[in-house]
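Data block below; observations after.
Letters A, B, ... are given to chains in the order of the sequence lines, protein chains preceding strands, and every chain is numbered from 1. The analysis underlying the following values was restricted to heavy atoms, covering all of them including side chains, and did not include hydrogens, waters or symmetry mates.
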There are 2 protein chains.
Amino acid sequence: MSNQSIKLSVDAVVFGYEEGNISVLLIKRKYEPFKGEWAIPGGFVLNEESLEEAVERELHEETGIKINYLEQLYTFGKPSRDPRGRVVSVAYFGLVRPNAYKIVASTDAEQVQWFNINELPKLSFDHKEILKAAIERLQGKITYEPIGFELLDKKFPFSDLEKLYTTLLGRDIDRRNFRKKMVGLNVLDELDEKVSKGSGRPANLFQFNPKRYFQLKEEGIIFEI
Amino acid sequence: MSNQSIKLSVDAVVFGYEEGNISVLLIKRKYEPFKGEWAIPGGFVLNEESLEEAVERELHEETGIKINYLEQLYTFGKPSRDPRGRVVSVAYFGLVRPNAYKIVASTDAEQVQWFNINELPKLSFDHKEILKAAIERLQGKITYEPIGFELLDKKFPFSDLEKLYTTLLGRDIDRRNFRKKMVGLNVLDELDEKVSKGSGRPANLFQFNPKRYFQLKEEGIIFEI
DNA sequence: ATACTTTTGTGTACAAACTACACATAATGA
DNA sequence: TCATTATGTGTAGTTTGTACACAAAAGTAT
């Protein structure tokens with residue numbers, strides 16, 4: 001079909017986490033269509049760049065963010081999803097650490113902002129649907145792949161990890177059992193560092209060990225919470 | 001980017017299963033590039049059709065097959081993956097029942113054939129990579145979603161199900177434990193019909209009950225083998 | 001028709017994993 | 001120094017997983 005007139009774009013649902021809040025990064029659109037409304041960052045793919053390059057470029061252009069983990073989510077292709085004509089969008093799913101939270105609006109974005117996933121504004125295009133898919137993926141995947149660590153600082157107290165899981169899974173977790181299981185997976189290094197936030201006993205810091213994780217994965221040992 | 005010149009195609013990895021063999025449906029290409037070589041069925045998306053419609057149309061045109069289960073697999077977008085220029089392909093993953101095994105080559109396909117997944121020919125484009133992703137998805141997904149039934153006749157003896165799992169997972173399964181667990185999931189109806197294939201005690205037929213499955217899923221009970 | 005072969009169908013004992021649960025420790029702040 | 005807050009740890013009971021063998025119902029060969 002040499003008369004095909006379909007445009008290809010990428011969109012990125014980027015999640016961040018801080019103190020019990022899971023947030024998603026949205027931009028306020030500077031141009032039509034949906035000018036002034038909130039949307040997932042993204043844009044058209046250039047002829048010579050890969051899809052991942054396109055996502056990273058658009059994210060950097062529009063939000064200034066430094067992404068930490070990126071994977072393809074799903075491709076949305078309903079003929080009516082963009083009022084400008086046929087646009088198929090490959091959606092990605094990204095995670096950033098709290099210390100990379102700084103954001104700067106530019107190019108197509110009038111404004112960039114973190115939104116708690118429970119307090120979302122109205123979204124442009126079919127972005128509500130995309131976001132829903134991304135949230136489901138995040139909630140599902142956190143139980144069988146070690147992606148939760150990508151939302152925390154490199155060194156973190158155990159309680160942070162626990163709170164992240166309770167928040168994402170939406171239910172309480174037994175502290176002792178969770179720790180027992182997580183430590184039993186053998187992918188965390190306990191450091192000789194402590195951190196104290198306010199009152200209470202200082203917590204030991206932990207660090208995810210990706211090398212050990214991939215080694216265990218090779219041996220067929222699976223991460224599962 | 002109004003000067004974007006990217007073409008969009010769909011490809012479908014279709015699996016079939018019969019008597020301990022997992023097969024994939026391939027076509028021999030009638031035209032360049034890769035004329036005369038084997039490839040996954042697929043083709044360009046029309047301007048007004050959805051991606052799923054495109055897959056089903058191409059599959060029907062090229063192979064005549066009636067697909068039974070279809071889900072999106074992954075989108076492949078490396079700039080160099082097609083010698084004709086930039087072509088991004090949304091790959092799908094399909095399953096057919098043994099009684100829909102009949103295939104007929106036409107349009108772009110000089111020939112259509114089932115290949116055992118362990119005896120694959122050289123493949124065009126990046127189709128080897130796509131197939132690899134599809135096989136991994138099938139093997140992974142069969143343990144936590146009831147898609148195995150889509151590869152069997154509607155009514156099947158328990159031994160067929162067991163053999164499918166041993167084949168897909170590539171390891172032996174304890175017959176009693178497997179049956180206990182599968183029956184315990186409560187998504188199989190035991191019918192009052194028996195079937196006898198050659199010598200041996202006749203087997204009772206079972207049937208997957210999708211309604212019950214979705215009901216249980218709603219209640220948070222998960223399928224897991 | 002009888003014995004042999006083939007495939008289906010079923011229960012139990014032991015091991016491993018999961019779940020529920022409470023109190024000491026180390027810090028801060030009044 | 002006493003109250004408050006958060007971290008760190010073990011055990012008993014329950015549930016789930018695993019290993020394993022023999023009877024039942026059909027076909028096949030003599």
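Among all heavy-atom pairs drawn from P98(A) and L152(A), the shortest one is CD-C, 3.7 Å. Pairing each heavy atom of I147(B) with each of L95(B), the nearest pair is O-CD1, 3.5 Å. Closest non-hydrogen pair, P41(B) versus L26(B), comes out as CD-CA, 4.4 Å. The two residues G94(B) and L70(B) come nearest to each other via the heavy atoms CA-CD1, 4.2 Å.
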- request: Check the pair F15(B), F93(B) against ring-ring contact (aromatic ring centres under 6.0 Å, His included), reporting the backbone distance first and the verdict last.
  value: CA-CA 8 Å; F15(B) 291 106; F93(B) 164 98; 5.8 Å; yes
message: Could you go through L123(B) and F34(B), starting from their C-alpha distance and side-chain angles, then the distance that decides it, and tell me whether this counts as side-chain contact (heavy atoms from CB on, under 4.5 Å)?
response: CA-CA 9 Å; L123(B) 291 172; F34(B) 300 108; over 6 Å; no
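Shown for residues 171-194 of chain B: residues whose heavy atoms fall under 4.0 angstrom of DNA chain C, namely R175(B), R176(B), R179(B), K180(B). Remark: nothing in residues 143-166 of chain A comes within less than 4.0 Å of DNA chain C through any heavy atom. Listed by residue number, the members of residues 216-225 of chain A with any heavy atom below 4.0 angstrom from DNA chain C form an empty set.
When each of N116(A), N118(A), T167(A) is checked for a side-chain hydrogen bond (donor to acceptor under 3.5 Å, both in side chains) with N21(A), only N116(A) meets the rule.
Under the salt bridge (Lys or Arg N to Asp or Glu O under 4.0 Å) criterion, the residue pairs touching residues 160-177 of chain B are D160(B)-K197(B), with sequence neighbours excluded. For residues 211-225 of chain A, every residue pair satisfying the salt bridge (Lys or Arg N to Asp or Glu O under 4.0 Å) rule, not counting sequence neighbours, is listed here: D189(A)-R212(A). Applying the salt bridge (Lys or Arg N to Asp or Glu O under 4.0 Å) test to residues at least two apart or on different chains, the pairs with a partner in residues 105-123 of chain B are E37(B)-K122(B).
DNA chain D forms stems at C:1-30 with D:1-30, each a run of 3 or more consecutive Watson-Crick or G-U wobble pairs whose two key distances fall under 3.5 Å.
Taking the 5' to 3' direction, DNA chain D first and last meets chain B under 4.0 angstrom from a heavy atom at dG17(D) to dG27(D). The nucleotide range of DNA chain C contacted by chain B, defined by atoms under 4.0 angstrom from heavy atoms of the protein and reported 5' to 3', is dT6(C) to dT12(C).
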Output side-chain donor-acceptor pairs under 3.5 Å for residues 125-133 of chain A, partner residues at least two apart or in another chain, one line each.
{"unit_1": "D126(A)", "atom_1": "OD1", "unit_2": "R81(A)", "atom_2": "NE", "d": "3.3"}
{"unit_1": "D126(A)", "atom_1": "OD1", "unit_2": "R81(A)", "atom_2": "NH2", "d": "3.0"}
{"unit_1": "D126(A)", "atom_1": "OD2", "unit_2": "R81(A)", "atom_2": "NE", "d": "2.7"}
{"unit_1": "H127(A)", "atom_1": "ND1", "unit_2": "I40(A)", "atom_2": "N", "d": "3.0"}

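The aromatic rings of F223(B) and Y213(B) sit perpendicular to each other, their planes meeting at more than 60°, with 30° as the lower class boundary.
A donor-acceptor contact shorter than 3.5 Å is absent between the side chain of R179(B) and the backbone of S159(B).
One distance of note links CD1 of I117(A) with CD1 of I22(A); it measures 4.5 Å at 0.5 Å rounding. Atom-to-atom distance recorded for I142(B):CD1 and L164(B):CG is 4.5 Å, nearest 0.5 angstrom.
For the side-chain hydrogen bond (donor to acceptor under 3.5 Å, both in side chains) test, residues two or more places apart in sequence or in another chain that qualify with E61(A) are R57(A). By the side-chain hydrogen bond (donor to acceptor under 3.5 Å, both in side chains) test, E71(A) pairs with Y69(A), R137(A), K141(A), sequence neighbours left out.
Between P202(B) and R201(A), the one whose closest nucleotide on DNA chain D sits nearer the 5' end is R201(A).
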